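Presented below is the structure to which this report refers.
What you are looking at is a predicted structure, and each value in this text was computed from that prediction instead of being measured.
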Amino acid sequence: QVQLVESGGGLVQAGGSLRLSCAASGRTLSRGWFRQAPGKEREFVAAISWSGGSTYYADSVKGRFTISRDNAKNTVYLQMNSLKPEDTAVYYCAADELAVYGVARSDEYDYWGQGTQVTVSS
């Protein structure tokens, strides 16, 4: 059983930046970030391969968000720049011990963090 602990959320003005972190208690191959805004379904944000050589982004965040990982620390990061009010949501990190082929599908991941709130004011 892998536990995920997120940190780094908060309140920021539009145009600002935040960096989210997600530490895992064990080794995981696939890592991703999802978010859920009030009244909306959980949606894919970004994912990264084990080596970090492949990254994937939702169109809505491409060019503004960067996902990275430090395997020595079992930690994945989400650097969020040029934040917009529509980025306001609870952000969840996700992980799986195996390779995930549908990286944007939440049901592909076995482990989830508790979520961290990101609020962007206009």
Side-chain angles (χ1 to χ4, degrees):
Q1 189 79 5
V2 175
Q3 294 184 335
L4 304 176
V5 179
E6 297 137 341
S7 60
L11 172 65
V12 64
Q13 288 188 332
S17 299
L18 283 174
R19 189 175 85 148
L20 306 183
S21 300
C22 177
S25 60
R27 181 177 179 270
T28 55
L29 286 183
S30 301
R31 303 295 294 273
W33 287 95
F34 290 74
R35 67 186 182 186
Q36 188 167 17
K40 294 187 177 181
E41 294 188 351
R42 190 170 298 188
E43 65 174 3
F44 170 73
V45 175
I48 188 168
S49 63
W50 165 254
S51 68
S54 295
T55 55
Y56 312 87
Y57 297 95
D59 288 342
S60 59
V61 307
K62 204 170 292 183
R64 300 187 298 122
F65 290 11
T66 303
I67 188 171
S68 60
R69 66 188 297 166
D70 183 340
N71 290 334
K73 297 180 179 179
N74 290 329
T75 298
V76 65
Y77 305 95
L78 185 68
Q79 177 66 44
M80 305 185 294
N81 298 329
S82 302
L83 283 162
K84 304 175 181 179
E86 51 263 45
D87 294 319
T88 295
V90 177
Y91 283 69
Y92 298 90
C93 68
D96 200 281
E97 293 164 308
L98 303 177
V100 169
Y101 294 100
V103 297
R105 292 184 51 171
S106 59
D107 59 0
E108 290 275 352
Y109 298 87
D110 283 342
Y111 303 107
W112 291 85
Q114 79 285 359
T116 186
Q117 177 70 45
V118 171
T119 303
V120 184
S121 63
S122 57

What is the distance from atom [atom1] of [X] to atom [atom2] of [Y], rounded to the nearest 0.5 Å?
X	Y	atom1	atom2	result
L29	S49	CG	OG	9.5 Å
I48	S68	CD1	OG	6.0 Å
S51	R69	OG	CZ	8.0 Å
T28	L98	OG1	CG	10.5 Å
E6	C22	CD	SG	5.0 Å

Check whether any side-chain heavy atom of V100 sits under 4.5 Å from a side-chain heavy atom of Y109, and report yes or no.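 V100 vs Y109: side chains touch.
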Can a cation-pi geometry be assigned to R19 and Y77, taking NZ or CZ under 6.0 Å from the six-membered ring centre and within 45° of the ring axis?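 Yes, R19 and Y77 form such a contact.
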Do you know the tightest heavy-atom contact between [X] and [Y]?
X	Y	answer
L78	A46	CD1-CB, 4.2 Å
A37	A89	N-CB, 3.8 Å
Y92	G113	CD2-O, 3.7 Å
E97	V2	OE2-CG2, 3.8 Å
S17	S82	OG-N, 4.4 Å

Step by step, would you call L83 with L18 a side-chain contact (heavy atoms from CB on, under 4.5 Å)? CA-CA 8 Å; L83 283 162; L18 283 174; 4.2 Å; yes
Thinking salt bridges, do E43 and R35 make one under a 4.0 Å N-O criterion?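 Counted as a salt bridge, because a side-chain N and a carboxylate O are separated by less than 4.0 Å.
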Check this for me, if you would: do R64 and D87 make a salt bridge, where the nitrogen-to-carboxylate-oxygen distance has to be below 4.0 angstrom?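 A salt bridge is present here (some side-chain N lies under 4.0 Å from a carboxylate O).
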Pick from N71, V76, D96: which one makes a side chain to side chain contact (heavy atoms under 4.5 Å, CB included) with R31?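 Answer to the side chain to side chain contact (heavy atoms under 4.5 Å, CB included) test with R31 among N71, V76, D96: V76.
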Is the gap between the ring centers of W33 and F65 under 6.0 Å?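 No - the distance between ring centres of W33 and F65 does not fall below the 6.0 Å cut-off.
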Kindly state whether the ring of Y56 and the ring of F44 have centres lying under 6.0 angstrom apart.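 Ring-ring flag for Y56/F44: false, centres at least 6.0 Å apart.
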With distance as the sole criterion, is a donor-acceptor pair present between the side chains of [X] and [Y] under 3.5 Å?
X	Y	result
E86	T88	no
Y91	Q36	no
T75	D70	no

When you look at Q3 and Y111, which way does the side-chain contact (heavy atoms from CB on, under 4.5 Å) test go after all the steps? CA-CA 7 Å; Q3 294 184 335; Y111 303 107; over 6 Å; no
ILVMFWY network linking [X] to [Y], side-chain heavy atoms under 4.5 angstrom:
X	Y	value
V118	I67	yes
L20	V120	yes
V90	V45	no

Assess whether atom NZ of K40 is packed by more than 12 heavy atoms of other residues, nucleotides or ligands within 6.0 Å.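 Atom NZ in K40 is not crowded, with 12 or fewer foreign heavy atoms closer than 6.0 Å.
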Begin with the C-alpha distance, continue with both residues' side-chain angles, and end with the deciding distance and a verdict on side-chain contact (heavy atoms from CB on, under 4.5 Å) for F34 and E41. CA-CA 10 Å; F34 290 74; E41 294 188 351; over 6 Å; no
Evaluate S106 against E108 for side-chain hydrogen bond (donor to acceptor under 3.5 Å, both in side chains), listing each step before the verdict. CA-CA 5 Å; S106 59; E108 290 275 352; over 6 Å; no
